[in-house]
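Comments concern the structure below.
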Amino acid sequence: MERTFIIIKPEGVRRGLIGEVLSRFERKGLRIARLTTGHIPEKVAREHYAHLKDKPFFDELVEYMTSGMVCMAIIEGPNAIQHVRSLIGATNPVEAAPGTIRGDFATELPYNIVHASDSPETAIAEIARFFGTEEDA
Ligand code: IDP
Ligand code: MG
């Protein structure tokens, strides 16, 4: 059993896609272990994307992620990290295959509907950042 962390980004929430996105994870056979909505403080967004801080799009990305309500969840199941990354599709909506969340609902960066942890280490760190330590979760 593995846990991963996802964020339905502000335009996903604005467009009413919370149910659509979560149902794709559930249909796959994964479980929603924790679920919440809220606004990401700018400081937390900067920390969450710290590995991209030297990219030219960093400020735009932080502004976007803090521009409205998001939905955050812990998704649980066998190989959850890789399954969720496959279900969301490639980072750039132009490259994301139809059938994936980004391939079906997004058109251009940085607007790609959903974030998901990309490794066991980032999953643990992101769950702790947004939900507290795993023991509390
Ligand atoms: P990921 O979300 O698929 O893990 P990352 O490379 O970690 O992709 O990038 C984080 C987020 O930054 C992306 O989901 C997207 O919203 C944004 N982003 C990535 N590359 C670009 C770009 O070239 N221009 C604008 N935004 C970008
Ligand atoms: Mg990433």
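When a ligand or atom number is given, it counts from 1 through the structure's own listing order. Remember, it's a predicted structure, so these values are computed and weren't measured experimentally. Start at 1 with the first residue, then count along the sequence.
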Need the list: ligand 1 N/O atoms against protein N/O atoms, distance under 3.5 Å, rounded to one decimal.
unit_1	atom_1	unit_2	atom_2	d
ligand 1	2 (O)	R102	NH2	3.1
ligand 1	3 (O)	R85	NH2	3.0
ligand 1	3 (O)	T91	OG1	2.4
ligand 1	3 (O)	R102	NH1	3.1
ligand 1	4 (O)	R85	NH1	2.9
ligand 1	4 (O)	R85	NH2	3.3
ligand 1	8 (O)	T91	OG1	3.2
ligand 1	14 (O)	K9	NZ	2.9
ligand 1	14 (O)	N112	ND2	2.8
ligand 1	16 (O)	K9	NZ	3.1
ligand 1	16 (O)	P110	O	2.7

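Salt bridge absent: K53 and D59 never bring a charged side-chain N and a carboxylate O closer than 4.0 Å.
With sequence neighbours excluded, no residue forms a salt bridge (Lys or Arg N to Asp or Glu O under 4.0 Å) with E63. In this view, E126 satisfies the salt bridge (Lys or Arg N to Asp or Glu O under 4.0 Å) rule with no residue, not counting sequence neighbours. Residues that satisfy the salt bridge (Lys or Arg N to Asp or Glu O under 4.0 Å) test with D104, not counting sequence neighbours, are R24.
Remark: the backbone N or O of I32 is not paired with any side-chain donor or acceptor of E26 at under 3.5 angstrom.
Within the 6.0 Å centre-distance limit, the rings of F130 and F5 are counted as a close aromatic pair.
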